[in-house]
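Below you'll find the structure, written out as structure tokens, and then a few comments.
No experiment lies behind these values; they were computed from the predicted model shown.
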Amino acid sequence: VQLQASGGGLVQPGGSLRLSCVGTGLLLDYYSVAWFRQAPGKEREGVSCIPNNSGGLTYHADSVKGRFTVSRADAKNTVFLQMNSLKAEDTAVYYCAAYMSSCWQFHKKGKDDFDYWGQGTQVTVSS
């Protein structure tokens with residue numbers, strides 16, 4: 001059972017990237033999936049969370065609202081993070097994590113509160 005995060009890379013400010021989080025050995029539609037990021041020397045930050053298919057709200061950090069969108073492709077067992085209008089301050093390693101609770105206050109939860117973590121994918125925004 002694992003999560004695989006991918007899609008990171010080097011992009012210029014104002015550009016876009018789409019990150020993918022693919023589940024293997026688990027059905028992601030039963031899980032809420034969150035995206036976190038961690039920049040060098042900074043604490044981990046909760047970016048976005050999409051609830052499982054039981055319903056609920058999608059959450060985004062204030063720093064990414066209006067620029068990032070999280071979505072599911074259940075047929076592909078994948079959750080996407082579409083990142084537009086990227087800024088230098090978005091540079092970080094991005095991780096996906098899955099758990100069966102709601103997305104409510106996901107950003108306050110500790111690493112052990114999640115059932116599975118992906119390995120991380122580097123996003124660098126630079127000219």
Heavy-atom pair with the smallest gap, counting every atom of Val33 and Cys96 | CG1-CB, 4.4 Å
Does the distance from a Lys or Arg side-chain N to an Asp or Glu carboxylate O, for Asp90 and Lys87, drop under 4.0 Å?
-> no
Given a cutoff of under 4.5 Å between side-chain heavy atoms of I, L, V, M, F, W and Y, with clusters grown through shared members, what are the other residues clustered with Phe80?
-> none
Going by heavy atoms in the side chains, are Phe68 and Leu86 under 4.5 Å from each other?
-> yes
Can you check side-chain contact (heavy atoms from CB on, under 4.5 Å) on Cys21 and Thr78, steps first, answer last?
-> CA-CA 5 Å; Cys21 178; Thr78 301; 5.7 Å; no
Does a side-chain heavy-atom distance below 4.5 Å link Val125 with Gln12?
-> no
Indicate the atoms forming the closest heavy-atom contact of Met83 with Val123, along with that distance.
-> CE-CG2, 3.8 Å
Please determine, by modelled atom types, if Asn52 and Asp29 share a side-chain donor-acceptor pair under 3.5 angstrom.
-> no
What class does the angle between the rings of Phe106 and Phe36 fall in, given that below 30° is parallel, 30 to 60° is tilted and above 60° is perpendicular?
-> perpendicular
Is a side-chain donor or acceptor of Asn77 paired with a backbone partner of Gly23 at a separation under 3.5 angstrom?
-> yes
Side-chain heavy atoms of Asp115 within contact of Met100, under 4.5 Å = yes
CG of Leu57 to CH2 of Trp104, rounded to nearest 0.5 Å, is 9.0 Å
Value for OG1 (Thr24) from CD (Gln4), rounded to nearest 0.5 Å, stands at 7.5 Å
Derivation and outcome, side chain to side chain donor-acceptor pair (under 3.5 Å), residues Glu45 and Ser63 = CA-CA 10 Å; Glu45 177 188 13; Ser63 58; 3.1 Å; yes
Partner set under side-chain contact (heavy atoms from CB on, under 4.5 Å) for Val93, not counting sequence neighbours | Tyr95, Gln122
Hey, are the side chains of His60 and Val47 touching, using non-hydrogen atoms and a 4.5 Å cut-off?
-> no
Of all heavy-atom pairs between Leu28 and Ala98, which one has the smallest distance, and what is that distance?
-> CD2-CB, 4.3 Å
Side-chain donor/acceptor of Ser32 to backbone N/O of Ser101, under 3.5 Å = yes
Only residue of Tyr31, Tyr99, Trp35 satisfying ring-ring contact (aromatic ring centres under 6.0 Å, His included) with Phe114 is Tyr99
Within-4.5 Å side-chain heavy-atom neighbours: Cys49 and Thr58 = no
Would you indicate whether the side-chain heavy atoms of Cys103 and Pro51 approach each other to under 4.5 Å?
-> yes
Where do Arg72 and Asn53 land on the side-chain contact (heavy atoms from CB on, under 4.5 Å) test, with the steps shown first?
-> CA-CA 10 Å; Arg72 290 181 174 272; Asn53 285 344; 3.8 Å; yes
Given the options Thr69, Val70, Val79, Ser48 meets side chain to side chain contact (heavy atoms under 4.5 Å, CB included) only with Val70
Taking Gln119 for the side chain and Ala5 for the main chain, is one N or O donor matched with an acceptor at less than 3.5 Å?
-> yes
Give the minimum heavy-atom separation between Leu3 and Tyr116, together with the two atoms involved.
-> CD1-O, 3.6 Å
Closest heavy-atom contact between Gly46 and His107?
-> CA-CB, 4.1 Å
pair Thr121-Leu19: side-chain heavy atoms closer than 4.5 Å = yes
Sub-4.5 Å side-chain heavy-atom contact between Lys42 and Arg37 | no
